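These notes are about the structure you will find just below.
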Amino acid sequence: MSSGKVECREVCGEVRDGLQMTPELMLDLARKAAELVVGRIESLPGEDAWDGEFQQELRARLMEDPPEDGRPAVEVIERAAREILPVAARLDHPRCFAFVPSSPTWPGVLADFMAAGYNINQCTWLTASGPSQLELVVIDWFRRWLSYPESAGGLLTSGGSAAAVDAFVAAREAAGHPERATVYMSDQSHSAQSRAAMIVGVRPECVRMIPSDEHFRLDMEALIRAVTEDRAAGFNPMAVCANAGEGSTGAIDPLEAMADYCEAEGVWLHVDAAYGGFAIITEKGKRLLRGIERADSIGLDAHKWFFQPYEVGGLLVKDASTLENAFAVRPDILQDTVWGANHPNFVDRGLQLSRSARALKIWMSIQTFGMAAFRRAVSKGMELASRAEEYIRASPILEILNPASLGNVCFRVNPMNTDLDEEALEEINRSILARVFWEDRALMSSTLLHKMFSLRLCIINHTTTWDDVRETLEAAERFGMEALAR
Ligand SMILES: *Cc1c(COP(=O)(O)O)cnc(C)c1O
């Protein structure tokens, strides 16, 4: 102690100095962690797509006081890998078709590790100029894929929810922060959109849910009626939100018609492309998403159909200044960080100050595999969904409830020539969902399609094969036959 150095102590055989570790130990532990993660990825296809536990059991296992003294780090890592991390849905399992799953690539995972290890705070140019430039690069790639003009800009966010909040802040300020603001979206829209509208101050009863048509796309006539009536009643339409890949069905709203209308009415158009946005890198997706480039803002999630680890979404606005006008404040404590327009501070574009370097994972993944591989991976999801639709149409006991759209397909067991009523069909299909959950390796989820119970597959994992899809549909058929036989 007299030397002024922090006291070194022996902890369970590891020499540590305060909160530090020796380089040898750090490397050993990193290798151990990497082995566990790679081992998990390798064994994934043979595992169930879901694991989980009820709270009582987990509480008993994990609720404890933080230990006063440490223990060997390798034991801590092993415990995490044994008791905590596996007790979760394996959203990257090739047979995980539930919700909107994800399947990160390894360079993306390593990028998160490196960004944490280099301790990047991607908030201002002064604190992180290299990573800031990289985020500009990645946002510019997105901009070009979306056919947005050079005046567009944006930022990477935690996901589609944060992108919607940031977008609606920009929309609100562009509208002059009106009283009695209203926002419009289809009744199929993701809850993140209505929540975002409420967060920015739109009253819950002023979030207008517009009916959707038989293909779950927003009904234009109903939108026009709602806006017209609201204006006449003294409300101030602030934003319209379009779906480009609605979660349940993959439905894409009439983007061109909505853009025409919003342009004419001077209302901000935000596109929720959290799920479907990256389809734009394929020829087919480009066709499906035509008109998206006319929106005022677009949110899209790289942690869904762009194969990145959580969390990374993106928000692009057609006119970059709309974001900075809404978010830039100049606190004295950050006065040294103002370097001028060519040195943007990402803090001025959204709700976060401290930010991780999210662009690194996207950049490292693309540099490693190339865009052709990403294009093939996204195309494959759409192809498998179309193939699933064909299989369902050919099956004597399965019925298509909504055709393949992007990576989604909605269906149920409903054999021809039976007179089961809707209630009986729902009961049978709920039982199929439960049996796939408990007895099959796959995980799927259900939804309501205008109140009708539907099974659904969302097929966007780059490791999923046709066998994975076919055998899951076969399991649904088998469980369906058994339910019908009862
Ligand atoms: C996932 C999703 C969201 C929410 O995005 P997060 O990244 O989870 O915040 C919004 N809309 C759609 C269509 C989605 O699929």
Side-chain angles (χ1 to χ4, degrees), residues 88-89 91-92 96-104 108 112 142 154-169 183-200 207 209 212 216-218 239-253 255 258 269-280 285 288-289 292 295 297-316 350-352 355-356 358 361-362 378 381 385 402 405-410 444-449 456-461:
L91 296 168
D92 49 346
C96 180
F97 305 115
F99 316 114
V100 178
S102 70
S103 49
D112 270 358
F142 290 7
L155 81 167
L156 298 177
T157 65
S158 61
S161 306
V165 172
D166 290 350
F168 289 156
V169 171
V183 167
Y184 306 79
M185 61 189 70
S186 97
D187 57 11
Q188 302 298 304
S189 293
H190 195 283
S191 53
Q193 304 303 311
S194 49
R195 186 185 290 129
M198 291 187 279
I199 290 170
V200 307
V207 178
M209 294 300 182
S212 51
F216 308 98
R217 293 175 305 212
L218 175 134
V240 169
C241 182
N243 291 312
E246 181 273 313
S248 281
T249 58
I252 298 165
D253 283 338
L255 300 176
M258 291 174 82
L269 177 62
H270 174 65
V271 177
D272 177 14
Y275 155 34
F278 286 99
I280 200 91
L288 292 172
L289 298 176
I292 196 170
S297 56
I298 304 167
L300 67 180
D301 270 1
H303 62 212
K304 284 179 179 154
W305 217 354
F306 210 66
F307 317 112
Q308 299 303 319
Y310 298 107
E311 304 161 345
V312 59
L315 172 68
L316 275 84
L351 55 85
Q352 272 188 291
R355 304 167 74 239
S356 60
R358 299 188 174 103
K361 47 190 161 186
I362 296 172
V378 173
N402 196 58
S405 182
L406 298 171
N408 281 32
V409 58
C410 290
M444 50 172 156
S445 58
S446 68
T447 190
L448 294 179
L449 300 179
R456 65 184 272 292
L457 300 179
C458 181
I459 313 170
I460 60 172
N461 182 324

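Indexing begins at 1, ligand by ligand and atom by atom, following the structure's order. Note that this is a predicted model, so its numbers are computed, not measured.
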Asp301 side chain reached by Tyr275 side chain, heavy atoms, under 4.5 Å: no
Distance-only polar pair, side chains of Thr249 and Asn408, donor-acceptor under 3.5 Å: no
Minimum side-chain heavy-atom gap Ser356-Glu311 below 4.5 Å: no
Phe142 and Phe306 aromatic ring geometry - parallel, tilted or perpendicular at 30°/60° bounds: perpendicular
Between the protein and ligand 1, are there any N or O atom pairs that come within less than 3.5 Å of each other, and if so, what are their names and distances?
| from | atom 1 | to | atom 2 | distance (Å) |
| --- | --- | --- | --- | --- |
| ligand 1 | 5 (O) | Gly160 | N | 3.2 |
| ligand 1 | 5 (O) | Asp301 | OD2 | 3.3 |
| ligand 1 | 7 (O) | Gly160 | N | 2.8 |
| ligand 1 | 7 (O) | Asp301 | OD2 | 2.5 |
| ligand 1 | 7 (O) | His303 | NE2 | 2.9 |
| ligand 1 | 9 (O) | Gly160 | N | 3.3 |
| ligand 1 | 9 (O) | Ser161 | N | 2.8 |
| ligand 1 | 9 (O) | Ser161 | OG | 2.6 |
| ligand 1 | 11 (N) | Asp272 | OD1 | 3.2 |
| ligand 1 | 11 (N) | Asp272 | OD2 | 2.7 |
| ligand 1 | 15 (O) | Lys304 | NZ | 2.8 |

Atom pair SG/CE of Cys96 and Met444 - distance to nearest 0.5 Å: 11.5 Å
Heavy-atom donor-acceptor pair, Ser186 side chain to Leu218 backbone, under 3.5 Å: no
